[in-house]
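Single-structure report; data block below.
Not measured: the values here are computed from a predicted model. Numbered from 1 within each chain, the chains take letters A, B, ... in sequence-line order.
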Amino acid sequence: MPELPEVETYVRELRPQLLGKRVVGGEVHWPRIIAIPEPDLFLELIRGRRFDSFGRRGKYMLLGLDSGETLIIHLRMTGEVRVQPATVEPDKHTHLLLALDSGERLHYRDPRKFGRIWLVGDPADVLRKLGPEPLEDGFAPDDLGRGLAGRTASIKALLLDQSILAGVGNIYADEALFLARIDPRRLGGELSGDQVAALHGAVRTVLQAGIEGRGSSLQNYAPPSGEKGSFQEEHRVFRRTDQPCYICGTPIRRIVLAQRSTHFCPTCQS
DNA sequence: ACCACAACCTGGCCGC
DNA sequence: TGCGGCCAGGTTGTGG
């Protein structure tokens, strides 16, 4: 589910709930969610460790431990992290429980089991293929242009490629392409310099607006505080199939690109 | 190197 | 109520 704005919201809301707390025990109920190391060693290494820092890279959450190691969590489609009182019992979708010295427990819950968790000495081992952070000051139109140059995949597929740009997913790709007035079927390498610059600006605008709305809450998704985000109210095209474009009134179209639902205005985006 | 697509999983919704 | 089909905010592995 979550893209950059949802993960950033997660980090902001979980940080005060976890910083300074220490892990005093844990249980893994679905071993495959622990990517590195083996689950038994994972639990051995994390027991007794304190959370010292909390950050984000792309759609990954990075929790720095007092051992110098980093706990990395990727929620993929349906992962959730909650810090709960000890009285809250895990349900059948809770795959990792970490007991904290505060008496609470961290629950990692994930109905589709796509999410992954790593415990590594060097985060680069997990993150090295990621492209630039779109909201960093140093991210320039040329950085995006270099990633798209010569590519013959659709611009929609390339925006979803985390090695070109980190953090954009299906919602924000569609919204950015609408804002930049670019047809999602256009090939990456055929965009003009002006279009690349417009897309660069649009990606930053929609991600920033997403963060300000505390993410998009579709279905039952909500950030750790439990209060839903609001950016879904600002979607211009995403899941607005057959509804009128807010600019020109043309019905929004849904097509499939890169195996993902893609929504666009056939009049505004060409 | 690049591209398209199956696979990984479960649950919700819709029509019959 | 049950069943089949489709949908879901992501990434990885495989084959061409």
Minimum-distance nucleotide to [X] side chain [options: [options]]:
X: A/Arg76; options: C/dG9, C/dT11, B/dT10; value: C/dT11
X: A/Arg32; options: B/dA4, C/dC7, B/dC9; value: B/dC9
X: A/Asn170; options: B/dC9, C/dG9, C/dC7; value: C/dG9
X: A/Lys59; options: C/dT12, C/dG10, C/dC7; value: C/dG10
X: A/His74; options: B/dC9, C/dT11, B/dA4; value: C/dT11

Rounded distance in Å - [atom1] ([X]) to [atom2] ([N]):
X: A/Ile117; N: C/dT11; atom1: CD1; atom2: C1'; answer: 16 Å
X: A/Glu80; N: C/dG10; atom1: CD; atom2: C1'; answer: 16 Å
X: A/Ile171; N: C/dG9; atom1: CD1; atom2: C1'; answer: 5 Å
X: A/Leu187; N: B/dC2; atom1: CG; atom2: P; answer: 15 Å
X: A/Phe114; N: C/dT11; atom1: CZ; atom2: P; answer: 12 Å
X: A/Glu8; N: C/dG9; atom1: CD; atom2: P; answer: 22 Å
X: A/Asp110; N: C/dG9; atom1: CG; atom2: C1'; answer: 13 Å
X: A/His263; N: C/dA8; atom1: NE2; atom2: C1'; answer: 11 Å

Any [X] side-chain N or O less than 4.0 Å from OP1/OP2 of [N]:
X: A/Lys92; N: B/dG11; answer: yes
X: A/Arg112; N: B/dC8; answer: no
X: A/Arg116; N: C/dT11; answer: no

- Note on the structure: Pairing partner of B/dC9, by Watson-Crick or G-U wobble and under 3.5 Å for both distances, is none

- Item | A/Tyr60 or A/Arg254, whichever maps to the more 5' nucleotide of DNA chain C |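 Of the two residues, A/Arg254 wins.
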
- Query: If each of A/Leu218 and A/Val126 is mapped to the nucleotide of DNA chain C with the nearest heavy atom, which maps nearer the 5' terminus, i.e. the 5' end?
  - Reply: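 Result: A/Leu218.
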
Heavy atoms under 4.0 Å, any strand shown: does [X] hit a base, just sugar-phosphate, or nothing?
X: A/Arg151; answer: sugar-phosphate
X: A/Gln162; answer: sugar-phosphate
X: A/Ser261; answer: sugar-phosphate
X: A/Tyr172; answer: nothing
X: A/Arg239; answer: base

- Message: For the P atoms, the ones on B/dG11 and on C/dT11, what distance do you get once it is rounded to whole angstrom?
- Response: 22 Å

- Determine the interatomic distance between C1' on B/dC3 and the same-named atom on C/dG9; round to the nearest Å. 23 Å

- Message: What verdict does the side-chain contact (heavy atoms from CB on, under 4.5 Å) test give for A/Glu133 and A/Leu4, after you've listed the backbone C-alpha separation in whole Å, the side-chain angles of each residue and the deciding distance to 0.1 Å?
- Response: CA-CA 10 Å; A/Glu133 277 295 312; A/Leu4 188 154; 4.0 Å; yes

- Note on the structure: DNA chain B nearest-nucleotide lookup for A/Gln259 and A/Leu158: closer to the 5′ end is A/Leu158

Looking at [X], I'd like to know if its [atom1] atom is crowded, meaning that more than 12 non-hydrogen atoms belonging to other residues, nucleotides or ligands lie closer than 6.0 Å.
X: A/Glu234; atom1: CD; answer: yes
X: A/Arg236; atom1: CZ; answer: no
X: A/Gln243; atom1: CD; answer: yes

- Pi-cation contact, A/Phe178 with A/Arg240 (under 6.0 Å, within 45°): no

- Task: Report the C-alpha separation of A/Leu65 and A/Val23 in whole Å, then their side-chain angles, then the decisive distance to 0.1 Å, and conclude whether the side-chain contact (heavy atoms from CB on, under 4.5 Å) test is met.
- Result: CA-CA 10 Å; A/Leu65 305 178; A/Val23 177; 5.9 Å; no

